[in-house]
Amino acid sequence: MTSDAITVGPLTTLEQAARTMRERDVGSLPVVRDGKLVGIVTDRDIVVRGVAEGRDGMFSRVSDVMTDNPLCCLATSDVEEAAKTMGEAKVRRLPVVDEDGTLVGMISLADLVRHKDGSVGYVLGEVTEPNAIKPKMDLVS
């Protein structure tokens, strides 16, 4: 787990959140208010819920596009439980909170790889498994 996760507040602008993601080379940021996890915002949220809907990144807030009450795990959870949660939800990163909902870190696929207990294979399989079978498309030249 990464214990020093970079966070943003709900009133952070989309532009600042995107800059933070670029500077820190991350694709998601936990959203906290008074230390408590209230959401998560991803680069995809900014694009799909923000830019594609015509929101102005300088004035729109993270709270406009974030996922409220994100899936998370407790700091007391074991690695296998976190890996199972990530796999079932098809997420690559999972906030870790204490019993009071205070963010204490983030666990990622890279963390599972470093743990070397086999859980990463399960998670990778689940995260990369498509939700539905999509028909093959022929490319037209």
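Quick caveat, the model's predicted, so the values are computed rather than measured. We number each residue from 1, following the sequence as shown.
In terms of heavy atoms, Cys73 sits closest to Ala82 at SG-CB, 4.2 Å. Closest of all the heavy-atom pairs between Gly9 and Val31 is C-CG1, 3.8 Å. Ala17 and Leu29 make their closest contact through O-CD1, 3.7 Å (heavy atoms, listed as atom of the first residue, atom of the second, distance).
Of the possible donor and acceptor atoms, one in the side chain of Thr13 sits under 3.5 Å from a partner among the backbone N and O of Gln16. Proximity of a side-chain donor or acceptor of Asp45 to a complementary backbone N or O of Arg49 within less than 3.5 Å is not detected. A donor-acceptor pair under 3.5 Å is absent between the side-chain atoms of Asp100 and the main chain of Thr102, judged by distance alone.
Once rounded to the nearest 0.5 Å, the distance linking CG of Leu71 with CD of Glu88 reads 9.5 Å. To the nearest 0.5 Å, the span separating CE on Met1 from CG on Asp111 amounts to 8.5 Å. Put simply, SG on Cys72 and CD1 on Ile107 are 12.5 Å apart, with the number rounded to the nearest 0.5 Å. One distance of note links CZ of Arg92 with OG of Ser28; it measures 11.0 Å at 0.5 Å rounding.
Residues that satisfy the side-chain hydrogen bond (donor to acceptor under 3.5 Å, both in side chains) test with Arg33, not counting sequence neighbours, are absent from this structure.
Side-chain contact between Arg61 and Leu14 is absent, with no heavy atoms from C-beta onward closer than 4.5 Å. By the 4.5 Å heavy-atom criterion applied to side chains, Thr76 and Glu99 are counted as neighbours. At least one side-chain heavy atom of Val38 sits less than 4.5 Å from a side-chain heavy atom of Pro10.
For the side-chain contact (heavy atoms from CB on, under 4.5 Å) with Ile6, the lone residue among Arg24, Met106, Met21 that qualifies is Arg24. Partner Val104 forms a side-chain contact (heavy atoms from CB on, under 4.5 Å) with one of Val96, Leu37, Leu74 and no other, that one being Val96. Residue Val41 is tested with Val62, Asp64, Thr67 for a side-chain contact (heavy atoms from CB on, under 4.5 Å); the sole match is Val62.
A continuous path of Ile, Leu, Val, Met, Phe, Trp and Tyr side chains, each step under 4.5 Å between heavy atoms, connects Ile46 with Val26, placing both in one hydrophobic cluster. Each of Met66 and Ile40 belongs to its own hydrophobic cluster when Ile, Leu, Val, Met, Phe, Trp and Tyr are linked at side-chain heavy-atom distances under 4.5 angstrom. Both Leu109 and Leu94 are assigned to one and the same hydrophobic cluster, defined by single-linkage of ILVMFWY side chains at heavy-atom distances under 4.5 Å. There is no path of hydrophobic side-chain contacts, each under 4.5 Å, that joins Val97 to Val91.
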Test salt bridge (Lys or Arg N to Asp or Glu O under 4.0 Å) on Glu80 and Lys84 and set out the steps. CA-CA 6 Å; Glu80 292 78 20; Lys84 183 178 179 191; over 6 Å; no
